[in-house]
Peer 1: 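The structure is given below, and queries will be raised subsequently.
Only heavy atoms go into these numbers, but all of them, side chains included; no hydrogens, no water, no symmetry mates. We name chains A, B, ... by the order of the sequence lines, and we start the count at 1 in each one. It should be emphasised that the depicted structure is a prediction, and the values quoted were computed from it without experimental measurement.
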2 protein chains.
Amino acid sequence: MIDKESGVPAYRQVADTLRDRVATGQYPPGHQVPSERDLVDEFGVSRPTIRQAIELLRSDGVLVAEHGRGIFVRQRPTVRRLARNRLSRAARDAGRGAFLADADEGGWTPSVSVRIRFEPAAGRVAELLQLAPGAEVTIRDRIMRADGEPVQLAVSHLPRELTQGTVLEDVDTGDGGTYARLEEAGHRLRFEELVGARMPTSEERTQLGLTRGTPVLTVTRVATSSGRPVEVTEMVMSADLYELLYDVSGD
Amino acid sequence: MIDKESGVPAYRQVADTLRDRVATGQYPPGHQVPSERDLVDEFGVSRPTIRQAIELLRSDGVLVAEHGRGIFVRQRPTVRRLARNRLSRAARDAGRGAFLADADEGGWTPSVSVRIRFEPAAGRVAELLQLAPGAEVTIRDRIMRADGEPVQLAVSHLPRELTQGTVLEDVDTGDGGTYARLEEAGHRLRFEELVGARMPTSEERTQLGLTRGTPVLTVTRVATSSGRPVEVTEMVMSADLYELLYDVSGD
DNA sequence: TAGTGGTCTAGACCACACG
DNA sequence: GTGTGGTCTAGACCACTAT
């Protein structure tokens, strides 16, 4: 099974063969791959070499290993499609945040924990908010859960000056959330979102319960009021669970 | 340096220590990490254990190894910010595709290779185009390059019925591209984009020249004309290189 | 030529899942 | 208990980069 003359490393040949079996459906999603010791026999290489091949496929998100049980072809959960244009004023006036609206549509039970803190502005957020470094910022740190499982992290930043003495420094900001309160205060909000992806930090991996080989989607949302940025939210979610839908029609 | 009693595997302790040195800036981007043999001495574990730690950090995109040279803290290239709302009719009328517009703005030289083929509709694309399986589809397969480097893959699908006898079956579709031609044919286009991320396939990794630990952003764009989908484009790009900017203001 | 990462082996023992 | 993946070792040799 392994061609020693080809110049292709043995572990790569093993990985490619297994990858192929997954791609062609010979090993369908959820299927248990032969054990490492069986693969040793099949390919005629040592166990570390087999493990190296499997490591590769795990970090590529093709296989998952379960200690004591076996190695399985990764099963993708069904994605939640998030319609980002729900941020529009019309939807907000209906009195609910985007996360809650998605929840009934998807048929899951949402819950959110919030922590509030105040810090001097720094780094990218200070830049996006166009604040002098050191200006105080109100930070709303949230973990969103679907049926109890953490699925999304979100950290919002507002200039403290805008939140002082308002419910924006409380845990519960009321119907329609932060944006509804800002509009009541006379702001006409516009939104931009900056979407990227990367591998999670080890902290994010723990918080979101991610397996090896799963990247995260990052969304940075900037709310501006007559050209002045008033809020920046940084969101992190499993790329396995989410797809973001944008209406891009223009005019 | 390694706590054998803690229950945390040695390779994890090594990885965490190195990760920390990167996070705190002790090892800044581009910095050469001590060689594997030096780390063996520093941590008092075997080389395979050191390698296991480094593997982990490579698949997380923290370190990159260069054969014969050393191991380095990954240096992120500057991201190209793509303003997706450039698809709007106004921009298209100016006579250029989004990729070319981004090019001058970013100061790089764009080039595109196109391959055209015809196939029966299948899978997700057939679904998005609402075509009966087997209906013929025109496929425009593109590789976009910036200064010669492949940076983006894009595959467009149109029902063959719409392209027969038009320039949409030619390599060059003229000023404004496919969308301009469709509008000239009487379609009023609306666009939606579905954004996700995942680890690349091994083919994509080769084509885009991606290093370990770099996910790809995927964008599926659906163009509809009075509710009927007329074109689906699937784009794949390095998440290291791109950030997508959406205006989400609604009204 | 010296130093680096890349590949591979043969074996040992541990930790977990399941019948 | 048996079988699974997880951790770790000591060493060998190869392939690449730089001097």
Peer 1: Measuring from atom CE of A:M235 to atom CG of A:L82, what distance do you get when rounded to the nearest 0.5 angstrom?
Peer 2: 9.5 Å
Peer 1: Kindly give the heavy-atom pair with the smallest separation between B:V216 and B:P200, and that separation in Å.
Peer 2: CG1-CB, 3.9 Å
Peer 1: Measuring only between side-chain heavy atoms, which start at C-beta, is A:V14 closer than 4.5 Å to A:L39?
Peer 2: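 Heavy-atom side-chain distance check fails, nothing below 4.5 Å.
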Peer 1: Below 4.0 Å from chain A heavy atoms, what is the first contacting nucleotide of DNA chain D and what is the last?
Peer 2: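 For DNA chain D, the relevant span reads D:dG3 to D:dT7.
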Peer 1: Salt-bridged, B:E55 to B:R58, with N to O below 4.0 Å?
Peer 2: yes
Peer 1: Contacts to DNA chain D from residues 44-64 of chain A, heavy-atom cutoff under 4.0 Å, which residues?
Peer 2: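 Hits under 4.0 Å, by residue number: A:R47, A:R51, A:R58.
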Peer 1: Listing request: all ring-ring contact (aromatic ring centres under 6.0 Å, His included) pairs with a residue in residues 5-44 of chain A, at least two apart in sequence or in separate chains.
Peer 2: A:Y27-A:H31
Peer 1: Do you know the tightest heavy-atom contact between B:S238 and B:T214?
Peer 2: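 Closest approach of B:S238 to B:T214: OG-CG2, 3.8 Å.
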Peer 1: Identify all pairs in which a protein N or O lies below 3.5 Å from an N or O of nucleotides 16-19 of chain C, and state each distance.
Peer 2:
unit_1	atom_1	unit_2	atom_2	d
C:dC18	OP1	A:R69	NH1	3.3

Peer 1: So, for A:E204 and A:L210, which heavy atoms are closest and what is the spacing to 0.1 Å?
Peer 2: O-CD1, 4.4 Å
Peer 1: By salt bridge (charged side-chain N to carboxylate O under 4.0 Å, His left out), which residues pair with A:R19, not counting sequence neighbours?
Peer 2: A:D60
Peer 1: What's the shortest heavy-atom distance between A:Q152 and A:L208, and which atoms?
Peer 2: N-CD2, 3.8 Å
Peer 1: Could you give all pairs that pass the ring-ring contact (aromatic ring centres under 6.0 Å, His included) test and reach residues 44-85 of chain B, with sequence neighbours left out?
Peer 2: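 The answer is none; no pair qualifies.
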